[in-house]
2 protein chains.
Amino acid sequence: MAGQNNRNSFYKILVVDDESAIRRFLSTVLSNDEFLLHEAESGNAGLAAAATVRPDVILLDLGLPDLDGIEVIRRIREWSQVPIIVLSVREREDDKVAALDAGADDYLTKPFGVGELMARIRAALRRSQQDVPEPVFSSGNLQVDFPRRLVSVDGQEVQLTPTEYDLLRLLVTHVGKVMTHSQILKQIWGVAYLEQPHVLRVNISNLRRKIETDPSRPQHIITEPGVGYRLKTY
Amino acid sequence: MAGQNNRNSFYKILVVDDESAIRRFLSTVLSNDEFLLHEAESGNAGLAAAATVRPDVILLDLGLPDLDGIEVIRRIREWSQVPIIVLSVREREDDKVAALDAGADDYLTKPFGVGELMARIRAALRRSQQDVPEPVFSSGNLQVDFPRRLVSVDGQEVQLTPTEYDLLRLLVTHVGKVMTHSQILKQIWGVAYLEQPHVLRVNISNLRRKIETDPSRPQHIITEPGVGYRLKTY
DNA sequence: GCCAGGCTTGACACTTTCTTGACGTCTGTT
DNA sequence: AACAGACGTCAAGAAAGTGTCAAGCCTGGC
């Protein structure tokens, strides 16, 4: 449960600290198959990286050479709600209050335990991952709701088999582009089926029967003769 | 900006601590025109208060007479995302990690500065200005009361085993979405059971017998063949 | 140590999905 | 107009997935 990554990808962590020793230390303890580290060694570099990298968490040192850390927090908060965890040697209460009120999410005083840092990172990620908008594909009368794995035509829910859904998802994720027969066969049935283009035709047919208003005149899944199929947008 | 209350009303803070001295201290420092304090002096009283009071923040001591604080966090997290700030004398890193991973948002070691506590409360409130979900789920003739762990069908209380309740809760918390077999197995039985999809089927069957009017025609727990299960809304 | 409830496991019947082959249709070319 | 090649449809058997029952095991409470 703890620290589990449901996203099929790395969480990006941005470390903003001018001491390379700290950056190297964090790099060793945090670089694993869950986190991907980016580094910045000044406030301005950090601000730039926050915008370009779009990290999931920012670890920020307050004592930076160019900008004050508090200022960095404020500037980021002008446009982003990304969790900011302050790592600082300053242990005065005023510093903590100032950083937290400027928009920081958490404040750790150096030296800190690695386990605690990682637990606080996980806590911050858990909170911020709660409300991610759901990507729903829509084209004409066809709707594909990926998180719900729901396909509907004219608002009516349609029941797809696993293979049909995979096939539709493949076309949707490459909407507009032609997917060749071999690309589709490889992705869905595996290389062993490259010589069996028949299964593809059968499944396209079944899929069309379910999502096309008139399967003999496909609106969505267009045949590109001799090449493959293409999902048309509306 | 800092500490400003945009809601035309008090923020409700629930203090769960068995030492009346601490409660009185927090009451003095936090009771002002911004916060309204509620108090509970045991874990069970805290759980009950969390459900009835619906606080905006919970300040939780780990050393409670009846339940372990970690368990209190877990039980609250079963149905609520309310920010939980742990106040504890335990300063071992393991305690912090356990509390944070159980679902706590922050962890302060006693003694702490009042200013820091208030800043961390403000930070937690700032983040959680989202609407709190109802602690009771209702769909058709099915009702799940999370704080009380009570399930009823047609107003009639239904007795579920712990596993069945966990399973139902998982589906309810992801209502509408398809939970794949592996997601469910991982969450409830652990990764070791990924190759044992049979236990899942048996439990789904048992659960259906208890909550479905006609278990052979499920209204709530829908099978998505080859993929998983999904709780339908009405 | 016994009992009750809950969990796991296996057997088996049932349902859905996948694969395969036969055949029909379309399109562009000669 | 006939043909070739590619594409689409249908249906039946095979395979995979799913639901149910019940026996045995484990565990915690008494």
Side-chain angles (χ1 to χ4, degrees), chain A residues 149 151 157-171 178-185 187-231, chain B residues 149 151 157-171 178-185 187-231:
Chain A
R149 200 191 175 273
V151 179
E157 222 173 276
V158 173
Q159 196 84 8
L160 297 189
T161 72
T163 315
E164 287 161 4
Y165 182 81
D166 287 346
L167 183 52
L168 179 59
R169 196 184 34 173
L170 185 65
L171 292 172
V178 178
M179 297 295 291
T180 67
H181 299 139
S182 43
Q183 280 179 319
I184 300 175
L185 285 165
Q187 291 260 350
I188 298 192
W189 284 273
V191 281
Y193 280 74
L194 273 179
E195 309 301 315
Q196 305 270 352
H198 187 47
V199 288
L200 176 53
R201 283 195 225 106
V202 173
N203 275 276
I204 288 282
S205 171
N206 292 336
L207 191 50
R208 276 179 177 153
R209 187 179 320 131
K210 291 183 180 177
I211 68 170
E212 297 281 5
T213 314
D214 180 359
S216 61
R217 265 174 248 281
Q219 301 283 300
H220 299 291
I221 302 179
I222 309 297
T223 302
E224 298 285 347
V227 187
Y229 298 93
R230 180 167 59 89
L231 196 80
Chain B
R149 286 173 166 254
V151 179
E157 197 176 311
V158 175
Q159 200 74 17
L160 297 190
T161 71
T163 314
E164 286 162 4
Y165 179 80
D166 286 346
L167 183 53
L168 179 59
R169 181 162 56 82
L170 185 65
L171 291 172
V178 175
M179 296 298 289
T180 66
H181 300 136
S182 44
Q183 280 178 320
I184 301 175
L185 286 166
Q187 294 257 354
I188 298 195
W189 283 273
V191 281
Y193 279 75
L194 272 179
E195 309 301 315
Q196 304 274 348
H198 188 48
V199 288
L200 174 54
R201 282 190 230 113
V202 174
N203 274 276
I204 288 282
S205 173
N206 292 337
L207 191 49
R208 276 179 178 153
R209 189 177 316 130
K210 292 182 180 178
I211 68 170
E212 298 281 5
T213 313
D214 179 0
S216 61
R217 263 169 232 280
Q219 300 285 299
H220 299 291
I221 302 178
I222 308 297
T223 301
E224 297 284 345
V227 186
Y229 299 93
R230 170 171 130 246
L231 197 82

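The sequence lines fix the lettering, A, B, ..., with proteins before strands; numbering per chain opens at 1. The basis for the numbers below is simple: all heavy atoms, side chains too, and nothing from hydrogens, waters or symmetry mates.
- The phosphate of dG8(D) (OP1 or OP2) has a side-chain N or O of R208(A) nearer than 4.0 angstrom.
- Residue T161(A) places at least one side-chain N or O closer than 4.0 Å to OP1 or OP2 of dC18(C).
- Phosphate contact (OP1/OP2 of dC10(D), side-chain N/O of R209(A), threshold under 4.0 Å): present.
- The side chain of W189(A) contributes no N or O atom lying less than 4.0 Å from OP1 or OP2 of dC18(C).
- Here the options are D214(A), N203(A), T223(A), the test is side chain to side chain donor-acceptor pair (under 3.5 Å), and the partner is R208(A); only T223(A) passes.
- Between S216(A) and dG8(D), a side-chain N or O to OP1/OP2 separation shorter than 4.0 Å is absent.
- Across every non-hydrogen atom of V227(B) and P162(A), the tightest pair is CG2-CG, 4.5 Å.
- Toward the 5' end of DNA chain C, the nearer of the two residues P225(B) and T163(B), judged by each one's closest nucleotide, is T163(B).
- Between L207(B) atom CG and dG19(D) atom C1' there is a gap of 14 Å when expressed in whole angstrom units.
- No engagement by P197(A) is indicated, since no non-hydrogen atom pair under 4.0 Å with the nucleic acid exists.
- Side-chain proximity of H198(B) to the nucleotides dG6(C), dT9(C), dC10(D) is greatest for dT9(C).
- Of the possible polar contacts, none joining the Q219(B) side chain to the E212(B) backbone as a donor-acceptor pair under 3.5 Å is found.
- Between the CD atom of E224(B) and the P atom of dT18(D) there is a distance of 11 Å, rounded to whole Å.
- Spacing between atom CG of N206(A) and atom C1' of dT20(C) amounts to 13 Å, rounded to whole angstrom units.
- Evaluated for a side chain to side chain contact (heavy atoms under 4.5 Å, CB included) with I184(A), the options L200(A), I204(A), D166(A) yield exactly one hit, L200(A).
- Ranked by how close their nearest DNA chain D nucleotide is to the 5' end, V202(A) and G226(A) are led by G226(A).
- Rounded to an integer number of Å, the gap from CZ of R201(B) to P of dT20(D) is 12 Å.
- At whole-Å resolution of the value, CD in E212(B) and P in dT20(D) are 10 Å apart.
- One can place CD of E164(A) at 13 Å from P of dT9(D), the figure rounded to the nearest angstrom.
- The side chain of T223(B) contributes an N or O atom lying less than 4.0 Å from OP1 or OP2 of dG19(D).
- Put simply, CD1 on I222(B) and CG on L231(B) are 8.0 Å apart, with the number rounded to the nearest 0.5 Å.
- For dC7(D), the OP1/OP2 oxygens have no side-chain nitrogen or oxygen of Y229(A) closer than 4.0 Å.
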